[in-house]
K.L.:
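Pasting a structure here, questions to come.
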Amino acid sequence: MGNQKHHHDGQYRRPYAKKSLGQNFLADPSYSQKIVSALGILGEDTVLEIGPGRGALTGLLAERAGRVVAVEIDRDLVSVLRDQFRDLPSVEIIEADFLDILPTEVLGDQVVPGSIKVAANLPYYISTAILRKLFDHRHLFSRIVVMLQKEVALRLAAQPGTSDRGFLTVLVEHGFDSEVLFDVPAGAFRPVPKVESAVVSLTPKSSQPAGFDELLVELASAGFRQKRKTLRNNLRSATGRTARLIESAGGAEALIGACGIEPNARAEDLSCDQWRALAREVS
Ligand code: SAM
């Protein structure tokens, strides 16, 4: 009865959690500690945080890192965070949609590739898009530690021949060495979410020749389009540039054969090396 828009909490009036922005705040500090420890921060490190929320990770990051750049979309939270960290010049709170910015815009053009650490308890409604963005800019990062919906974390680790394997699995396997570090129960968040979570570490692999990623991403995204279909049929129904690439390799059947892949294989059966072979074949 009579829900107020804000409630009083210590010195801050904290805005209520917005479901539409995936706001489930980490309320158990032992998990915040574990996430931050997993980043292995050294004193001079710069950490990019995506979605700092109420600062469950931000304060711990600030204690360890030389610089923390935290990107938060919610204006109400941004003003609370700016207030909270006003005496710490090493913490920058940026109000932005992470999907709309380039990491170098907020980190600065002088950022040393391979030097940035990323921490995020991701808003689950856009975790795939954020992982895709981190993949595209992975040359900047030395390590990424992200909290994901457990189901997504397991999908990232799914082996060839299992139905959990999908486009995101291939993307992450191609770009990173990944490890599922630990589970986080729903009860560790406020409000309590409907799903279980897990924390994953991603370490970028050395980058591929220019343009190779795009080919691999195009083929995998066409190959997984309809999961019940064979890879061959999915590639046959590709359109646009992907269709032309496949055509120039002699068509779907020839392309698959040239890579030593079973004619009736499904996308989920392929190893990352087989996706790379397909991309090389059309390059
Ligand atoms: N890091 C905090 C924690 O662990 O308690 C908050 C995690 S909460 C799951 C996700 C946060 O991401 C929320 O603060 C939400 O407002 C923010 N967020 C949602 N969409 C975003 C976007 N597109 N760009 C930046 N932040 C976003």
Side-chain angles (χ1 to χ4, degrees), residues 5-6 9-10 12-39 41 47-65 68-85 91-107 116-137 144-153 181-201:
K5 199 93 189 97
H6 297 81
D9 178 66
Y12 303 113
R13 290 180 74 77
R14 298 197 307 187
Y16 267 112
K18 298 184 178 87
K19 263 196 185 157
S20 63
L21 292 176
Q23 292 178 354
N24 297 96
F25 302 106
L26 205 44
D28 180 336
S30 67
Y31 288 107
S32 302
Q33 286 281 1
K34 280 179 89 169
I35 292 171
V36 172
S37 299
L39 266 180
I41 297 170
V47 179
L48 172 65
E49 187 184 1
I50 307 162
R54 291 178 180 160
L57 304 176
T58 323
L60 295 172
L61 295 171
E63 284 171 16
R64 291 168 175 73
V68 177
V69 178
V71 180
E72 172 58 60
I73 196 172
D74 183 346
R75 174 165 298 180
D76 295 338
L77 292 175
V78 166
S79 69
V80 176
L81 286 164
R82 286 196 176 138
D83 201 26
Q84 193 175 340
F85 293 105
V91 178
E92 295 153 61
I93 309 291
I94 314 278
E95 183 186 339
D97 180 338
F98 183 72
L99 297 178
D100 282 349
I101 54 151
L102 290 175
T104 47
E105 278 176 59
V106 293
L107 293 165
I116 305 296
K117 292 184 169 162
V118 179
N121 171 8
L122 289 181
Y124 296 158
Y125 75 109
I126 48 165
S127 57
T128 299
I130 291 179
L131 286 172
R132 175 65 200 274
K133 183 139 194 174
L134 293 173
F135 170 88
D136 287 342
H137 296 275
I144 299 168
V145 175
V146 283
M147 176 113 65
L148 293 165
Q149 197 173 323
K150 186 165 179 193
E151 196 190 299
V152 176
L181 298 178
F182 51 90
D183 292 348
V184 182
F189 301 87
R190 290 294 178 276
V192 177
K194 289 203 179 68
V195 296
E196 300 294 312
S197 300
V199 173
V200 175
S201 116

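When a ligand or atom number is given, it counts from 1 through the structure's own listing order. Any value given below was found using the heavy atoms of this structure, including those in side chains, with hydrogens, waters and symmetry copies removed. None of the values given here were measured: they were computed from a predicted structure.
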K.L.:
Report the part of Asn24 in contact with ligand 1, treating N, CA, C, O as backbone and CB onward as side chain, heavy atoms under 4.0 Å; options are side chain, backbone, both, neither.
P.N.:
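Asn24 to ligand 1: backbone contact only, side chain stays beyond 4.0 Å.
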K.L.:
May I ask you to identify the nearest protein heavy atom to atom 12 (O) of ligand 1, giving residue, atom name and distance to one decimal place in Å?
P.N.:
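The answer is Gly51 CA, 3.3 Å.
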K.L.:
Starting from atom 23 (N) of ligand 1, locate the nearest protein heavy atom and write down its residue, its atom name and how far away it is, to 0.1 Å.
P.N.:
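Heavy-atom neighbour on the protein nearest atom 23 (N) of ligand 1: Asp97 OD1, 2.8 Å.
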K.L.:
Quick one: which of Gln23, Lys18, Glu49, Glu72 has a heavy atom closest to atom 17 (C) of ligand 1?
P.N.:
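Closest candidate by heavy-atom distance is Glu72.
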K.L.:
Carefully, step by step, assess Val184 and Met147 under the rule side chain to side chain contact (heavy atoms under 4.5 Å, CB included).
P.N.:
CA-CA 9 Å; Val184 182; Met147 176 113 65; 3.7 Å; yes
K.L.:
Please name the pair of heavy atoms, one in Arg82 and one in Ile93, separated by the smallest distance, quoted to 0.1 Å.
P.N.:
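Where Arg82 meets Ile93 most closely, the heavy atoms are NH2-O, 2.8 Å.
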K.L.:
How close do Glu49 and Leu61 get, counting heavy atoms only, and between which atoms?
P.N.:
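Smallest interatomic distance, heavy atoms only, reads OE1-CD1, 3.8 Å.
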K.L.:
Strictly under 4.0 Å, does any heavy atom of Tyr125 approach an atom of ligand 1?
P.N.:
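The answer is yes, since Tyr125 has a heavy atom less than 4.0 Å from ligand 1.
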K.L.:
Note the single closest protein heavy atom to atom 18 (N) of ligand 1, along with its residue, its atom name and the distance in Å.
P.N.:
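Of the protein heavy atoms, Ile73 CG2, 3.6 Å lies nearest.
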K.L.:
Non-hydrogen atoms of Met147 versus ligand 1: any pair closer than 4.0 Å?
P.N.:
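Per 4.0 Å heavy-atom rule, Met147 does not contact ligand 1.
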K.L.:
Please report which non-hydrogen protein atom sits nearest to atom 19 (C) of ligand 1, along with the residue it belongs to and the distance in Å to one decimal place.
P.N.:
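Nearest protein contact, heavy atoms only, for atom 19 (C) of ligand 1 is Leu21 O, 3.2 Å.
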K.L.:
When you compare ligand 1 with Asp74, is there at least one nitrogen or oxygen pair between them that comes in under 3.5 angstrom?
P.N.:
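Asp74 vs ligand 1: no N/O contact under 3.5 Å.
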K.L.:
Counting non-hydrogen protein atoms only, what is the nearest one to atom 24 (N) of ligand 1? Give residue, atom name and distance.
P.N.:
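The closest heavy atom on the protein side is Phe98 N, 2.9 Å.
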K.L.:
What protein heavy atom lies closest to atom 10 (C) of ligand 1? Include the residue and the distance to one decimal.
P.N.:
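Looking only at protein heavy atoms, the one closest to atom 10 (C) of ligand 1 is Asn121 O, 3.5 Å.
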K.L.:
Examine the proximity of ligand 1 to Ala120 and report which part, side chain or backbone, both or neither, has a heavy atom under 4.0 Å away.
P.N.:
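For Ala120, there is no contact with ligand 1 at all, from either part.
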K.L.:
Would you please determine whether Thr58 falls within less than 4.0 Å of ligand 1 on a heavy-atom basis?
P.N.:
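The answer is no, since Thr58 has no heavy atom less than 4.0 Å from ligand 1.
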K.L.:
Short list, please: which atoms of ligand 1 are under 4.0 Å from a heavy atom of Leu77?
P.N.:
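With Leu77 as reference, the close atoms of ligand 1 come out as 14 (O).
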K.L.:
Can you report which non-hydrogen protein atom sits closest to atom 2 (C) of ligand 1, along with the distance?
P.N.:
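Ranking protein heavy atoms by distance from atom 2 (C) of ligand 1, first comes Pro52 O, 3.2 Å.
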K.L.:
Does any N/O atom on Pro123 come nearer than 3.5 Å to any N/O atom on ligand 1?
P.N.:
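No, there is no polar N/O contact under 3.5 Å.
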K.L.:
Which residue from Ala70, Gly22, Pro193 reaches closest to atom 9 (C) of ligand 1 through any of its heavy atoms?
P.N.:
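Nearest option to atom 9 (C) of ligand 1, by heavy atoms: Gly22.
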K.L.:
I'd like to check whether Arg54 has a polar contact with ligand 1, where a contact means an N/O of the residue lying under 3.5 Å from an N/O of the ligand.
P.N.:
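N/O-N/O distance below 3.5 Å does not exist for this pair.
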K.L.:
Does ligand 1 have any atom that is closer than 4.0 Å to a heavy atom of Ala96?
P.N.:
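Flag set, Ala96 near ligand 1.
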K.L.:
Please list, in number order, the atoms of ligand 1 under 4.0 Å from a heavy atom of Leu122.
P.N.:
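Numbered from 1, ligand 1 contributes 9 (C).
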K.L.:
Closer than 4.0 angstrom: is that true for some heavy atom of Leu99 and an atom of ligand 1?
P.N.:
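Judged by the 4.0 Å heavy-atom criterion, Leu99 does not count as contacting ligand 1.
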K.L.:
What protein heavy atom is closest to atom 5 (O) of ligand 1, reported as residue, atom name and distance in Å?
P.N.:
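Checked against all protein heavy atoms, atom 5 (O) of ligand 1 sits closest to Leu26 N, 2.8 Å.
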